[in-house]
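Shown next, in structure tokens, is the structure this report addresses.
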Amino acid sequence: MTRLGATIDHAGGRLSHEEIDFLNAAEARTACITARQSYGVEGITHLYRDLLQASDRMWKEVNAETGKKGPMQFATADVTVTGLTIDELRGALGPASLSRDYASLNPDHYFIEENGDGMHAMETFGMYGAPTEMHLIADPAMPVPVEPAAGYLVLTAGSTSLASDGTEINVLAFHQYKPLENGFAVKLGSLYPAATPQQIVEGHKIHMAIEFRSMCELAAGVDDGPRPASCSESA
């Protein structure tokens, strides 16, 4: 962000590159979240305007090769949650709270807001390349080329298009869950066109696990401290 001209403030002062490098983990997390939230939607999209255009070009090139025609790559992350139910998680993460806390859920998140029939969001896929500004539509009944795992129910499915011009980029979400005696298990999933860079597919497994763990901590009312709800992940 500093390379793009962003101001990074912490403890009442503006941080240089060198000062950022000397922050501890908690300080860096706070400064990073504050910086992404402080710009707002218009400010952050203007700051990243050239990189967003580069990301749009990448997704169009990916889809020009195969799109939905070829086999899709499927990234999954398995997470087990104890001390929290799926209904409690859903109840704590409405659109307003998700929008407010989106930047804190993952360092690759910038914003999310309600927009018509879906959500307007900006994030980096798989910690790779540039962020993508997009329109998301979630619908548990949305058809995806994956069968639910045995014993699991569909939590949600979703599709993605570019916010700039509405181009479908054929990146699909497919999340499943299974109630447990003291919590639940989830299979977080995302599907990509065959030509999608492998770094995105592999990296987004970690992205989904981090994001979901943060959601559970938020719903449980904890943050970087003792956790009444615990998560274990595998990607």
Where at least one partner belongs to residues 92-105, residue pairs that pass side-chain hydrogen bond (donor to acceptor under 3.5 Å, both in side chains), sequence neighbours excluded: Y102-E123
Counterpart residues, ring-ring contact (aromatic ring centres under 6.0 Å, His included), relative to Y110 (two or more places apart): Y48
Residue list, ring-ring contact (aromatic ring centres under 6.0 Å, His included) with F184, at least two apart or on another chain: none
Closest heavy-atom pair, A103 versus I33, reported as atoms and distance to 0.1 Å, is O-CG1, 3.9 Å
Over all atoms of both residues, closest heavy-atom pair of Y39 and I44: CB-N, 3.7 Å
side-chain contact (heavy atoms from CB on, under 4.5 Å) against [X], all qualifying residues, sequence neighbours excluded:
{"X": "R14", "answer": "T7, D9"}
{"X": "D108", "answer": "N106, T124, M127, H207"}
{"X": "L153", "answer": "Y177"}
{"X": "S161", "answer": "H135, E168"}

By salt bridge (charged side-chain N to carboxylate O under 4.0 Å, His left out), which residues pair with D21, not counting sequence neighbours? none
Test salt bridge (charged side-chain N to carboxylate O under 4.0 Å, His left out) applied to K187 - qualifying residues, sequence neighbours left out: D78
Which pairs, with at least one residue in residues 53-63 and sequence neighbours excluded, count as a salt bridge (Lys or Arg N to Asp or Glu O under 4.0 Å)? K60-D165
Fellow cluster residues of I137, listed by chain then number, with links counted only when side-chain atoms sit under 4.5 Å apart: M142
Hydrophobic cluster membership, with links at side-chain heavy-atom distances under 4.5 Å among I/L/V/M/F/W/Y: are V81 and Y152 in one? no
Tell me every residue that passes side-chain hydrogen bond (donor to acceptor under 3.5 Å, both in side chains) with T196, counting only those two or more places apart in sequence or in another chain. none
When the ring centroid of F111 is compared with that of H120, is the distance short of 6.0 Å? yes
